[in-house]
Amino acid sequence: MAGKEAKLPGTYLKGDEMYKLPGLVEHRPEAKYSFAAGQAVSRFLEGLKEGRILGKRCPRCGRVYVPPRSYCEYCFAPTGEWVEVSGEGEVNTAVVSYISTFRERLEEPEIVGVIRLYAPGYTGKEDEYEFPGLFHKLCGVTPEDVMSGRVIGMKVRPRWKPVERRIGSITDIECFEPAEG
Amino acid sequence: MVVARPNIHVKNRVAIVGAGLTLFRRRMLETPRELAWEAARMALEQAGLTLRDIDCVVIGSAPDAFDGVHMKGEYLADGAGGLGRPTVRVYVGGGTGVFVPIAAWWHVASGLCRSVLAVAEEKMSPAHPHPQGVFAYIWDPILERPLGPNLIWIFALEMRRYMYKCNVDKKTIAKVSVKNKRNALDHPAAQAAANITVEDVLKSEVLVWPVQRLDISPVSDGAGALVMVSENEARRVTDSPVWVEGVGWTLDNTHWYNRDLAYPRYVNYAARMAYKMAGIERPWKEIDVAEPYDPFDYKELHHIEGLMLARRCEAPKLLEEGWFERDGELPTSPSGGLLGVGNPIAAAGIMKVAEIFWQLRYEAGARQVKKPVHKGVAQAWGDLMQAGTVIVLGN
Amino acid sequence: MAWSMWWREPRRTYRFPGKMEVEKYVYTPGLHGLEAARALKEEGKFLGTRCGDTIYYPPTTLCPDYTEGELAEVKGPWRITAYTVVRETLEGERLEKPLVIAHIAPDDAVGGLIHYVDASPDEVYIGMEVEPVLKPKEERRGNPVLDITHFKPRRPETEE
């Protein structure tokens, strides 16, 4: 029925054809939002302001959540205790971005990655499916490090913004950089 | 996470008896409801039914923010044939396209409806300057968006992790793009069909290394539809019904950076649910043709492994051996996939199910795979590496 | 590994602003919509979709029985089927002249549109006959709402 010879419905508009159509309607959305971080993440953000990375531990299964959640998604119980992690960890994956959010070409490529954080209960096992960790920028590494794979497994730690410039945001950490030694 | 234990004692067996598609293109004249209507009308025509024969309607469409129309299900209702009928819209991001026939399945399997029109539509071209802006809203507003992410980042991170864990290079992954774009040359809806080489992929613009321009499927407008009926109805209207033998779906959490992206757990769990229902124990042997979701080339390999059609990290090797070609042992994306046919999100998923339907009826023309086919699987993935939707069909 | 046992609620809930990052949406008129837009722009005519004996306006392309309809001209006369009177702006400021907004349906079609009526709240009534006032041809873009500046009551003297 839908072999190559089938003639399918649909009217393609090439290039700028669409913009010349009579009856075209345009609308500019003016939607503005205000997102609440919630209790657990707000405390986490306050921690960042103080230069600390906080997580929460499930009293039932012992999982450590960084970033923190108010509840354990497996036990469906409230997470109790706050846990501070050192901020050190290993790069789990990393990429080199040559484009901005809106797909403009960047002059300087940006390196971002997932950092698996050392935390109480951290097994060090590479094949752990879940782990406390953050998504952030990486600095002090080159695109070549990413492409060669050297960066994966690299030990890193947060580079903090100066105290006076911290506002309680994930960007209070400037980036994660290689930890010497 | 635990694998769902499906209750397989359903009231009605469910068959697909018709499929329809519009062209997939970057921008189309039709309004979203006209696209839905065109695809649904074609599906009804193939089934030899009219709208009067339809009891219920299931609609699928990805974020409202692409079409720029809120309450998409309600908006599409008349075009999708839902006027005055029990009609519902389902949504699980990119997984929606395969979730629509899954939802249609439970409408019929439960005995509630005898015949369902399952319609998926997507029109991404209204969003300006580029649909990319809409994707910015999938990121967490507190912990992710302040870093200024681009949608491609998350795919690149997953691809990089997969390359690292499975020791695959970009050259191998590029072969998926080459295969699918070539397969699409035989697809009447195709938007991005082409004869390209691995070098073309590797020379295309680097967006977020390791992702390059030709690793990605295009944004599209388009619609697709299926007619799904109970066994009695199916026997009445056709000699060659295609049975829905198993369905499965799973959601993981949105904390994608707290998980190892190298393996799609959510797809695997959905697949195991569907196989269990279908009585399939060795999918790598029992499945004859597959349509794994391929918005990016590496994702096809990733999903082949999640679907247990290859062992972990084995898909790249089998790809190199020609295993997944149309004349191979286990053809994947014989349609041309999203990379070749196009990616109008929800419609792309239903296009994959339609392809398995046509393959199992030996109606795919030049796209028909060489080996005899009895069972096929179609799968879609969605959201922040978290939704898996799987459907197993048999003839 | 530094363990910390202190428990404290956050001092405040942090909030982050967001803005819809879509510059604009561009909506295509669709199959019959395009023809209707052309007819309105070029000829000042209104087109609907005919399905059997019924014309639907605005044009729907498809009929309730799922077949494709035919384009057909909608001639009116147009009548108010429901109306409301707006006396304040969104910001709550009193309008100098109250605004009459009505649902207006043509006698020869099913459907209609919402538009302004240039009439005082005292004289407007359900069933009142009105007629569209179009923009001059060179200003028309085929937009089924904006190409009409308003509807005006059809008074006996204009009825020939």
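Reminder, nothing fancy here: chain letters follow the sequence lines and each chain counts from 1. Just so it is clear, the structure is predicted and the values come from calculations on it, not from any experiment.
- For a residue to count as touching a neighbouring chain, one of its non-hydrogen atoms must lie under 4.5 Å from one of that chain's; by this rule A/His27 does not touch chain B.
- Separation of atoms CG (B/Leu151) and CZ (A/Arg103) is listed at 11.5 Å; rounding is to 0.5 Å.
- Only the side chain of B/Glu205 comes within less than 4.5 Å of a heavy atom in chain A; its backbone stays farther off.
- Considering only heavy-atom pairs separated by less than 4.5 Å from chain B, the leading option among A/Val114, A/Leu45, A/Leu24, A/Ile115 is A/Val114.
- There is a side-chain donor-acceptor pair under 3.5 Å between B/Asn258 and A/Arg69.
- A/Glu17 has no carboxylate O lying under 4.0 Å from a charged side-chain N of B/Arg25, or vice versa, which leaves the two without a salt bridge.
- Contact between A/Thr171 and B/Pro146 at its shortest, heavy atoms only, is CG2-O, 3.7 Å.
- Looking at every heavy atom in both residues, B/Asn150 comes nearest to A/Ser100 through ND2-O, 2.8 Å.
- Nearest approach of A/Tyr19 to B/His128, heavy atoms of both residues: OH-NE2, 2.7 Å.
- Contact annotation for B/Arg367: only side-chain heavy atoms (C-beta onward) come within less than 4.5 Å of a heavy atom of chain A.
- When heavy atoms are compared at a cutoff of 4.5 Å, A/Ala37 approaches chain B by way of both its backbone and its side chain.
- Both the backbone and the side chain of A/Val146 come within contact range of chain B, each with at least one heavy atom under 4.5 Å from a heavy atom of that chain.
- Counting heavy atoms from C-beta outward, B/Glu144 and A/Ile170 have side chains that stay 4.5 Å or more apart.
- Note: A/Tyr33 and B/Tyr137 have tilted aromatic rings, judged against thresholds of 30 and 60 degrees for the angle between ring planes.
- At distances below 3.5 Å, not a single donor-acceptor pair connects side-chain atoms of A/Thr11 with backbone N or O atoms of B/Leu29.
- Looking only at distances, no side-chain donor or acceptor of A/Glu130 sits under 3.5 Å from a matching main-chain atom of B/Asp260.
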Are B/Leu147 and A/Val112 close enough, and set up right, to give a side chain to side chain contact (heavy atoms under 4.5 Å, CB included), and what steps lead you there? CA-CA 9 Å; B/Leu147 298 169; A/Val112 293; over 6 Å; no
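- The CD1 atom of B/Ile142 lies 7.5 Å from the CZ atom of A/Phe35; values are rounded to the nearest 0.5 Å.
- The environment of B/Asn167 atom CG is sparse: at most 12 non-hydrogen atoms of other residues, nucleotides or ligands sit within 6.0 angstrom.
- Side-chain atoms of A/Pro132 and B/Tyr257, non-hydrogen and from C-beta on, never get closer than 4.5 Å to each other.
- Taking A/Leu134, A/Leu106, A/Leu21 one by one and counting their heavy-atom pairs under 4.5 Å with chain B, the maximum is reached by A/Leu134.
- Aromatic pair B/His255/A/Phe135: ring centres not closer than 6.0 Å.
- Atom NZ of B/Lys165 and atom CG of A/Asn92 lie 8.5 Å apart (nearest 0.5 Å).
- Across all non-hydrogen atoms, the minimal contact from A/Tyr129 to B/Arg265 is OH-CB, 3.0 Å.
- Most heavy-atom pairs under 4.5 Å with chain B: of the set A/Glu110, A/Met147, A/Lys7, A/Arg105, this distinction falls to A/Met147.
- Heavy atoms of A/Lys14 lying under 4.5 Å from chain B belong exclusively to its backbone.
- With contacts defined as side-chain heavy-atom distances shorter than 4.5 Å, the pair B/Glu158/A/Thr93 does not qualify.
- At distances below 3.5 Å, not a single donor-acceptor pair connects side-chain atoms of B/Asn253 with backbone N or O atoms of A/Glu73.
- Between chain B and the residues A/Val41, A/Val66, A/Val96, the most heavy-atom pairs under 4.5 angstrom are made by A/Val96.
- Within the model, atoms CG of B/Leu143 and OG of A/Ser169 stand 8.5 Å from one another, a figure rounded to the nearest 0.5 Å.
- With a 4.5 Å cut-off on non-hydrogen atoms, B/Arg145 touches chain A through its side chain but not through its backbone.
- For B/Pro188 against A/Leu8, the heavy-atom pair with the smallest separation is C-CD1, 3.7 Å.
- Within 6.0 Å of atom OH in A/Tyr12, more than 12 heavy atoms from other residues, nucleotides or ligands are found, so the atom counts as buried in its surroundings.
- Heavy atoms of A/Ala36 lying under 4.5 Å from chain B belong exclusively to its backbone.
- Here the side chains of A/Ser97 and B/Trp153 are in contact, with some heavy-atom distance below 4.5 Å.
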Before you tell me yes or no, could you show the steps for A/Leu13 and B/Arg27 under side chain to side chain contact (heavy atoms under 4.5 Å, CB included), namely the whole-Å CA-CA distance, both residues' side-chain angles and the distance that decides it to 0.1 Å? CA-CA 6 Å; A/Leu13 300 168; B/Arg27 61 191 80 70; 3.9 Å; yes
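- In the displayed structure, A/Glu107 atom CD is contacted under 6.0 Å by at most 12 heavy atoms of other residues, nucleotides or ligands.
- Between A/Val95 and B/Leu157, the shortest heavy-atom distance links the atoms CG1-N, 3.4 Å.
- Put simply, OH on A/Tyr98 and CG on B/Leu207 are 11.0 Å apart, with the number rounded to the nearest 0.5 Å.
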